[in-house]
There are 2 protein chains.
Amino acid sequence: MIITRAIDPTGPEPPYRQIAADIRAAIESGELRPGQRIPTESELVEAYEVARSTVRRTVRLLREEGLITTVPQRGSYVAGR
Amino acid sequence: MIITRAIDPTGPEPPYRQIAADIRAAIESGELRPGQRIPTESELVEAYEVARSTVRRTVRLLREEGLITTVPQRGSYVAGR
DNA sequence: TGATATTTGTACGTATGTATT
DNA sequence: TAATACATACGTACAAATATC
């Protein structure tokens, strides 16, 4: 899976950004490749132990950054292909 | 105030988009002018009788469209000045 | 064909933190 | 010292579209 580091709820960086940085790193390292689907919201919820709203916040951020594209009822995919 | 039409929770357009269209119309009509602050989240919550999260969704959409700019702890203002 | 499960979208309410007034 | 306002986070529920059995 992803999760290269744990979330620190007390740090200055909010959890949704920490998770975004984690996924971003996975994309940049090639662990997640263009066209590949990233884990579902439910999977991310379990993996990072946060609420779904937090995960959706993360996904939205990555989408706004152009790193992923989301297909309703399907999932989110790494952009670039 | 704004509110040129009521929200229809049963329509195909989700409330946050209906409210956005409403505010957008107020901006385009000149009722809300560039530099002017739009109603606070609380005011919008009361005016449209929706949850705060819905209002925030609306504000985010308008911000992404470039129609308004948000100043943390201050409010959102009509862009263009 | 039909039923069920999965997944994202939307919406509700509530709580806490931080900065400004 | 409040009151105000945005940012973040929690949990819950239902809808819609898709995939699977």
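In this text the structure is predicted, and so the values were computed from the model without any measurement. Chain naming here is simple, since letters A, B, ... match the order of the sequence lines and numbering starts at 1 in each.
- Taking atom CD on A:Q18 and atom P on D:dA7, their separation rounds to 19 Å, with Å as the unit.
- OP1 and OP2 of D:dC6 both lie 4.0 Å or more from every side-chain N or O belonging to B:R56.
- The CZ atom of B:R57 sits 9 Å away from the P atom of C:dG9 (whole-angstrom rounding).
- Rounded to an integer number of Å, the gap from CZ of B:R37 to P of C:dT20 is 15 Å.
- At least one donor-acceptor pair closer than 3.5 Å links the side chain of A:R37 to the backbone N or O of A:R74.
- Enclosure of atom CZ in B:R33 is not indicated, since only 12 or fewer non-hydrogen atoms of other residues, nucleotides or ligands lie within 6.0 angstrom.
- Rounding to whole angstrom units, CD1 of residue A:I68 and C1' of C:dT8 are separated by 12 Å.
- B:R60 has its CZ atom 14 Å from the C1' atom of D:dC6, to the nearest Å.
- One atom, CZ of A:R74, and another, P of C:dT6, lie 16 Å apart when rounded to the nearest Å.
- In this structure a side-chain-to-backbone donor-acceptor pair under 3.5 Å is present from A:E43 to A:T40.
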Sub-3.5 Å pairs of nitrogen or oxygen atoms, protein against nucleotides 11-17 of chain D:
{"from": "D:dA16", "atom 1": "N3", "to": "A:Q73", "atom 2": "NE2", "distance (Å)": "3.3"}
{"from": "D:dA17", "atom 1": "O4'", "to": "A:Q73", "atom 2": "OE1", "distance (Å)": "3.1"}

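- Protein atom CG of A:L44 is 15 Å distant from nucleotide atom C1' of C:dT6, rounded to whole Å.
- Side chain of A:T58 to main chain of A:I19: no donor-acceptor pair is present (N/O by atom type, distance under 3.5 Å, no hydrogens or angles).
- For A:E49, the CD atom sits in a loose shell: 12 or fewer heavy atoms of surrounding residues, nucleotides or ligands are nearer than 6.0 Å.
- Checked by atom type and distance alone, the side chain of A:E41 never pairs as donor or acceptor with a backbone atom of A:V55 at under 3.5 Å.
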